[in-house]
Amino acid sequence: MLAAAPPRTYRTPTSLSSSSSSPSAARKLATPSSSAAAPATNNTRALIVKCCAVSPSSQNPKPSPNLLQNVAKTIAGVTTVSLVLNLSNFPALIGSGGGNSGGGGGGGGGGGDGSSGGFWRRLFGPQLVANADEAQSPEWDSHGLPANIVVQLNKLSGFKKYKVSEILFFDRRRWSTVGTEDSFFEMVSLRPGGVYTKAQLQKELETLANCGMFEKVDLEGKTNPDGTLSVTISFTESTWQSADKFRCINVGLMSQSKPIEMDPDMTDKEKMEYFRNQEKDYKRRIDRARPCLLPPPVQREVLLMLREQGKVSARLLQKIRDRVQKWYQDEGYACAQVVNFGNLNTKEVVCEVVEGDITQLVIQFQDKLGNFVEGNTQIPVVKRELPRQLRPGYVFNIEAGKQALRNINSLALFSNIEVNPRPDEKNEGGIIVEIKLKELEQKTAEVSTEWSIVPGRGGYPTLASLQPGGTVTFEHRNLKGLNRSILGSVTTSNFYNPQDDLAFKLEYVHPYLDGVYNPRNRALRVSCFNSRKLSPVFTGGPGADEVPPIWVDRAGMKANITENFNRQSKFTYGLVMEEITTRDERSHICSNGQRVLPSGGVSEDGPPTTLSGTGIDRVAFVQSNITRDNTKFVNGTIVGERNVFQVDQGLGIGSKFPFFNRHQLTLTRFFQLKEVEEGAGKPPPPVLVLHGHYGGCVGDLPSYDAFTLGGPYSVRGYNMGEIGAARQILELAAELRIPVKGTHVYAFAEHGNDLGSSKDVKGNPTEVYRRVGHGSSYGVGVKLGLVRAEYAVDHNSGTGSVFFRFGERF
């Protein structure tokens with residue numbers, strides 16, 4: 001399950017790089033940044049994405065009306081956008097993706113007054129940090145003046161710390177006080193309840209006056225009876241001539257030329273020539289820039305805003321900035337930032353964006369302590385799992401980062417994965433994507449045990465009848481750093497006499513069959529196995545006498561190749577060779593099914609258990625299946641569709657030269673009945689599940705491979721095989737899932753039918769054991785963790801039963 005903590009956003013003020021009264025000069029507005037951060041939660045396997053972006057410097061000084069005693073400069077701002085993504089253990093990511101993400105974009109830039117600083121530098125400079133720290137001080141001084149009088153800033157004492165109880169913005173053009181929702185409130189670093197000195201308040205006024213957003217701005221205080229001050233900032237907003245064109249460009253990775261300082265001794269003619277050169281440089285700059293990713297519909301929306309507004313104002317530019325950045329954030333470009341607006345006071349407004357171009361990809365390995373080490377995994381194994389959008393030359397997208405997390409985690413080689421985009425110090429505006437990996441241990445072994453009590457003599461358990469069983473599992477993964485592995489397991493229900501039911505499996509997995517650099521994704525699996533299962537074919541119907549069980553042992557080897565076409569589709573084909581032995585409950589080989597006689601004896605005249613009639617079959621066949629899985633998780637509930645088609649083709653090799661074609665088709669649909677907001681802790685939607693399964697066989701069909709009806713994964717409410725065993729079957733099911741307090745309740749109805757083909761199975765075990773061959777059921781259930789608690793009604797007998805099952809039905 002994919003989850004992200006909700007972001008906290010701090011938005012910084014907007015700034016202008018030129019004075020506001022030039023009648024014709026092309027101006028440039030440097031926009032603010034916004035950032036979002038989410039705290040990581042403690043998980044055993046936390047996967048983290050952090051995004052940091054640096055906006056490039058941009059210079060475009062323009063003349064002021066008096067031929068310009070000041071040169072406006074735009075400098076770079078640095079902002080940080082963080083996304084913390086936690087995925088624990090990834091049970092949901094094996095078959096699908098999902099989750100939530102958070103993050104934001106921002107921008108930088110600033111206007112100055114001809115000095116080397118600028119608004120952005122002043123905003124993030126050391127003095128502001130000190131001011132912020134001091135503002136938190138609980139100590140403050142009373143103003144010592146009569147209440148309810150207006151005090152000019154220069155009349156305040158330089159030795160006192162004033163507590164600001166209220167901050168108001170007064171718009172001189174509208175002659176009204178603006179609310180806190182106004183975008184100009186972003187620009188003020190003062191906060192109600194803060195404590196500030198006269199110097200700090202003067203610095204705040206100087207910052208606002210020099211940012212270029214206002215033609216005129218004043219700051220004054222009003223005394224309160226409690227000794228605090230109410231601060232009023234009165235302003236006249238800057239405006240420019242109307243524009244009827246809009247252009248968006250990507251200025252990331254563009255080299256920043258250092259402007260030539262203007263000599264104060266220049267003549268007016270030399271100054272005009274200087275500014276004309278600056279105009280030409282800026283025009284060449286925007287002509288060299290790449291178009292941004294902003295789609296035409298959004299650009300037309302912005303153009304409509306410009307035409308409806310008339311004159312271009314600072315507020316309008318802030319709205320344009322917010323609309324542009326909202327598109328980037330909605331589309332997952334978390335490092336994209338609007339940094340400047342150029343060509344103000346012309347007919348075209350140019351929006352400069354740093355989109356977050358990826359310049360480098362770095363893969364690093366860490367030990368348990370976080371130290372960088374040389375990893376065992378070969379780098380191409382990791383790189384081939386990365387989406388194309390995460391490679392150099394592309395714009396960083398948070399969805400590509402999340403996809404990389406899922407893909408790398410699917411390798412099952414790493415205990416911790418971090419994708420950390422950070423600023424490229426050598427390429428201003430660029431992003432370096434760092435991938436940090438902690439590898440799992442290569443060799444693992446596990447022992448799980450269980451104890452069972454079997455009846456002793458007289459039917460009562462004794463101490464000697466305690467029977468230990470369990471599974472021993474071992475794995476050696478990532479051989480030669482190429483994700484090859486050897487896995488083995490041994491299982492028995494009785495370690496005292498393991499030969500009775502010993503089951504084992506040894507498997508070798510060889511991915512990248514065509515080479516790690518080949519984009520074709522094929523994996524080879526070779527395994528040898530021995531297993532024992534109870535056959536549901538030899539099961540009695542409702543009301544029938546108890547039928548002695550028949551066990552089916554399978555031993556052999558299997559080799560197949562799985563090719564993944566994409567994350568949703570895969571094709572598997574291979575060869576299976578096995579020996580099948582049927583045994584009774586005493587582990588003796590039996591060639592026929594058994595029945596209990598009225599006298600209490602056991603008759604072995606039932607249907608044949610094998611094709612050869614000896615109780616032992618040997619067979620070789622080709623097996624293939626294709627899976628199309630488009631499911632995903634929405635707040636923990638699966639939605640989408642899944643299709644599986646499988647074919648087993650006999651080769652005529654084995655006992656009595658078996659030649660057959662066994663085929664199955666399974667279609668499952670998970671319909672989301674209600675749109676819900678996705679995110680951590682959000683309720684899942686109700687889901688309607690429709691399921692259909694068809695199975696059929698042409699040619700030789702031994703009893704142990706007949707299709708059976710009934711059971712927790714067939715038709716619920718019946719025992720395994722209780723409805724029948726047939727050559728062809730059809731199963732239909734519907735289930736309605738309703739979320740309730742962290743889980744879900746559901747109602748279901750199911751039907752199974754042998755399509756009249758039970759008689760075509762050798763010996764007709766369906767008729768012999770008094771089964772109907774078709775049946776329906778309905779019921780309700782609740783999911784309790786991994787357990788399904790269900791009440792199902794058997795429609796054939798009309799009785800209901802309570803069942804507890806593990807896992808999912810579909």
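If you read the sequence from its start, that first residue is 1, and numbering goes on from there. Below, all heavy atoms of this structure are taken into account, side chains as well, without hydrogens, waters or symmetry copies.
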Exercise. Pro658 versus Leu611: any side-chain heavy-atom pair under 4.5 Å?
Worked result: yes
Problem set entry | Residue pair Thr572, Glu563: steps toward the side-chain contact (heavy atoms from CB on, under 4.5 Å) verdict | CA-CA 6 Å; Thr572 300; Glu563 181 169 2; over 6 Å; no
Exercise. If you count the non-hydrogen atoms of other residues, nucleotides and ligands that lie under 6.0 Å from OH in Tyr517, is the total more than 12?
Worked result: no
Problem set entry | N-O pairing of Asp760 and Arg727 below 4.0 Å | no
For this session: Could you tell me whether the side chains of Ser591 and Thr614 share a donor-acceptor contact shorter than 3.5 Å?
Result: no
Problem set entry | Ala412 versus Arg477, closest heavy-atom pair with distance | O-NE, 3.8 Å
Problem set entry | Leu784, CG: over 12 other non-hydrogen atoms inside 6.0 angstrom | yes
Exercise. Just by distance, with hydrogens left out, do Lys480 and Gln378 show a side-chain donor and acceptor under 3.5 Å apart?
Worked result: no
For this session: Could you tell me whether a side-chain N or O of Arg771 sits under 3.5 Å from a main-chain N or O of Pro765, the two making a donor and an acceptor?
Result: yes
Exercise. Hey, mind stepping through Lys368 and Glu441 against salt bridge (charged side-chain N to carboxylate O under 4.0 Å, His left out) and telling me if it holds?
Worked result: CA-CA 11 Å; Lys368 292 181 179 179; Glu441 294 291 338; 3.7 Å; yes
Exercise. Got a second to check how far His476's NE2 is from Ser485's OG, nearest 0.5 Å?
Worked result: 9.5 Å
Exercise. Salt bridge or not for Glu641 and Arg628, using N-O below 4.0 Å?
Worked result: no
For this session: Before accepting this row, confirm whether a basic side-chain N of the pair Arg554/Asp705 lies closer than 4.0 Å to the acidic partner's carboxylate O.
Result: yes
For this session: Determine, stepwise, if the pair Arg716 / Glu735 fulfils salt bridge (charged side-chain N to carboxylate O under 4.0 Å, His left out).
Result: CA-CA 12 Å; Arg716 286 172 280 189; Glu735 182 173 290; 2.9 Å; yes
For this session: Let me see the working for Asp605 and Arg595 under salt bridge (charged side-chain N to carboxylate O under 4.0 Å, His left out), right down to the final yes or no.
Result: CA-CA 8 Å; Asp605 60 351; Arg595 294 185 300 167; 2.9 Å; yes
For this session: In sequence, state the C-alpha distance, the side-chain angles, and the governing distance for Ile580 and Val619, and then conclude on side-chain contact (heavy atoms from CB on, under 4.5 Å).
Result: CA-CA 8 Å; Ile580 301 97; Val619 63; 3.7 Å; yes
Problem set entry | Qualifying residue for side-chain contact (heavy atoms from CB on, under 4.5 Å) with His691, from Arg669, Arg809, Glu750, Arg642 | Arg809
Exercise. Do Tyr508 and Arg525 come within less than 4.5 Å of each other through their side chains, counting heavy atoms only?
Worked result: no
Exercise. Just by modelled atom types, is the Cys590 backbone N or O under 3.5 Å from a matching donor or acceptor in the Thr582 side chain?
Worked result: yes
For this session: Flag the pair Arg567 and Glu385 as a salt bridge only when some basic side-chain nitrogen lies within less than 4.0 angstrom of an acidic carboxylate oxygen.
Result: yes
Exercise. What's the shortest heavy-atom distance between Val761 and Ala725, and which atoms?
Worked result: CG2-O, 3.9 Å
Exercise. Just checking, is any N or O donor in the side chain of Thr627 or Asp629 under 3.5 Å from an acceptor N or O on the other one?
Worked result: no
Exercise. Side chains of Glu604 and Asn592: is there a donor and an acceptor less than 3.5 Å apart?
Worked result: no
For this session: Apply side-chain contact (heavy atoms from CB on, under 4.5 Å) to His693 and Ile729, showing your working.
Result: CA-CA 8 Å; His693 173 72; Ile729 63 167; 3.9 Å; yes
Problem set entry | Tyr573 ring center within less than 6.0 Å of Phe571 ring center | yes
For this session: Report yes if some heavy atom in the side chain of Arg532 is under 4.5 Å from a heavy atom in the side chain of Ser587; otherwise report no.
Result: yes
Exercise. How about Pro607 and Tyr769: do any of their side-chain heavy atoms sit closer than 4.5 Å?
Worked result: yes
Exercise. Do you see a donor-acceptor pair shorter than 3.5 Å between the side chains of Glu731 and Ser714?
Worked result: yes
Exercise. Is there a donor-acceptor pair closer than 3.5 Å between any side-chain N or O of Glu722 and the backbone N or O of Asn719?
Worked result: yes
Problem set entry | CZ (Phe804) with more than 12 external heavy atoms under 6.0 Å | no
Exercise. Salt bridge (charged side-chain N to carboxylate O under 4.0 Å, His left out) between Lys783 and Glu808: does it pass, once the steps are laid out?
Worked result: CA-CA 9 Å; Lys783 189 73 181 296; Glu808 295 289 346; 2.5 Å; yes
Problem set entry | Side chain to side chain, Thr668 and Leu690, heavy atoms closer than 4.5 Å | no
Exercise. Where do Asn478 and Thr377 land on the side-chain contact (heavy atoms from CB on, under 4.5 Å) test, with the steps shown first?
Worked result: CA-CA 7 Å; Asn478 206 13; Thr377 306; 2.8 Å; yes
Exercise. Does Asp700 use its side chain to pair, donor to acceptor, with the backbone of Phe659 at less than 3.5 Å?
Worked result: yes
For this session: Classify the side-chain pair Asp617/Ser612 by whether it contains a donor and acceptor separated by less than 3.5 Å.
Result: yes
Exercise. Using the ring of each side chain (for Trp, its six-membered ring), is Phe670 parallel, tilted or perpendicular to Phe810, with breaks at 30° and 60°?
Worked result: perpendicular
Exercise. Can Arg520 and Asn564 be counted as having a side-chain donor-acceptor contact under 3.5 angstrom?
Worked result: no
Exercise. Side chains of Phe806 and Val787: closer than 4.5 Å at any heavy-atom pair?
Worked result: yes
Exercise. When you check the gap from the basic side-chain N to the acidic O, do Asp553 and Arg583 get nearer than 4.0 Å?
Worked result: yes
For this session: With the side chain counted from C-beta on, respond yes when Ile616 and Thr610 share a heavy-atom pair under 4.5 Å apart, and no when they do not.
Result: no
Problem set entry | Sub-4.5 Å side-chain heavy-atom contact between Thr449 and Thr471 | no
For this session: Give, for atom CZ of Phe565 and atom CD1 of Ile626, the distance between the pair rounded to the nearest 0.5 Å.
Result: 5.5 Å
For this session: Mind checking the CZ-CZ spacing from Phe660 to Phe621? Nearest 0.5 Å is all I need.
Result: 5.5 Å
